[in-house]
2 protein chains.
Amino acid sequence: MSLRYLEDFAVGQTFTAGPVRIEESEIKQFAGAFDPQPFHLDSKAAQSSFFRGLAASGWHTAAITMRLLVESELKPAGGIIGAGFDELRWPRAVRPDDELRIEAEILEVRPSKSKPDQGMIKVRTKTLNQNNDPVQISVGNLVVLRMRPAE
Amino acid sequence: MSLRYLEDFAVGQTFTAGPVRIEESEIKQFAGAFDPQPFHLDSKAAQSSFFRGLAASGWHTAAITMRLLVESELKPAGGIIGAGFDELRWPRAVRPDDELRIEAEILEVRPSKSKPDQGMIKVRTKTLNQNNDPVQISVGNLVVLRMRPAE
């Protein structure tokens with residue numbers, strides 16, 4: 001599939017990618033760099049934490065979700081450029097050896113009022129584990145190029 | 001400072017951390033792992049992109065912000081556990097050699113209605129560069145332990 005411009009997106013389109021497995025060593029490595037808390041770093045300490053066992057940082061899940069979105073057929077022409085999120089939550093912990101995949105759905109497509117060569121799409125992305133439980137739900141707004149500037 | 005329970009938080013409290021410098025090599029390494037798009041990986045290709053030069057992945061900025069929050073004096077007793085975000089946006093690109101710091105402000109403190117040993121705090125975190133321009137603004141809800149269960 002070639003690159004998509006604003007005109008190529010429509011409400012209800014879905015895009016998928018994955019699964020990708022997350023290893024315990026990756027969970028600990030990411031946490032060591034960016035979220036050094038016992039429940040992300042130390043399996044034993046994690047047992048008595050809120051998570052009741054080692055859990056990936058939510059930011060690690062978000063980063064893996066981003067990689068899956070880049071690998072999907074979404075492929076906006078100017079790249080995946082997030083203007084911001086209306087919602088981002090982690091309803092369930094990600095555990096070592098979980099296999100994550102994404103389902104992204106286009107919720108809105110709208111041209112920019114001020115920039116004739118741009119528009120915005122609103123995308124809900126669910127990140128699911130091997131049991132089809134959502135581990136992350138986000139609703140984000142992406143900047144997308146228009147094929148033809150408005151007259 | 002010792003750990004904080006729900007009773008120790010109050011609306012208007014602020015917490016800071018940083019600055020920390022972000023290197024070009026780190027931007028490219030994070031992008032290679034999680035956000036492999038030309039404007040995060042290749043300085044030359046980035047020139048003709050939306051960003052007009054190499055920019056860090058927003059998820060990299062979010063991950064650095066998390067590390068700064070862990071380093072700050074926020075220190076909730078059970079750890080920093082994000083239930084979700086009401087808002088997350090990146091108003092300005094992060095560039096190689098930017099120096100990032102955070103200012104976090106408590107917006108709400110509320111006990112859980114269903115769980116007597118827990119509550120929630122709402123925190124607005126601004127991530128600022130060396131020119132005091134915000135590069136990320138988030139409003140997140142954190143799960144916090146209560147010192148004494150409600151009667």
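Lettering of chains follows the sequences in order, A, B, ..., and the numbering in each one begins at 1. Any value given below was found using the heavy atoms of this structure, including those in side chains, with hydrogens, waters and symmetry copies removed.
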[X] atom [atom1], neighbour heavy-atom count above 12 within 6.0 Å:
X	atom1	result
B:K122	NZ	yes
A:Q29	CD	no
B:R92	CZ	no
A:R95	CZ	yes
B:Y5	OH	no
A:K28	NZ	yes

Can you tell me which of A:P91, A:A63, A:G84 forms the most heavy-atom pairs within a distance under 4.5 Å of chain B? A:A63

Most contact-rich option vs chain B, by heavy-atom pairs under 4.5 angstrom, among A:V70, A:T65, A:L69, is A:V70

With clusters defined by side-chain heavy atoms of hydrophobic residues (ILVMFWY) lying less than 4.5 Å apart, directly or transitively, does B:V144 cluster with B:F85? yes

In terms of hydrophobic clusters joined by side-chain contacts under 4.5 Å, are B:F15 and B:I64 together? yes

Atom group of [X] that falls short of 4.5 Å from chain B, counting heavy atoms:
X	value
A:Q118	side chain
A:A33	backbone
A:A83	backbone

So, the part of B:V139 with a heavy atom under 4.5 Å from chain A: the answer is neither

Minimum heavy-atom distance B:P36-A:R67, with the two atoms named: CD-CG, 4.3 Å

Supply the atom-to-atom distance B:I81 CD1 to A:W90 CH2, rounded to the nearest 0.5 angstrom. 12.0 Å

Can you tell me how far NE2 of A:H40 sits from CD1 of B:I80, rounded to the nearest 0.5 angstrom? 9.0 Å

Is the closest side-chain heavy-atom distance between A:Q37 and B:M66 below 4.5 Å? yes

Ring centres under 6.0 angstrom apart (A:F30, B:W59): no

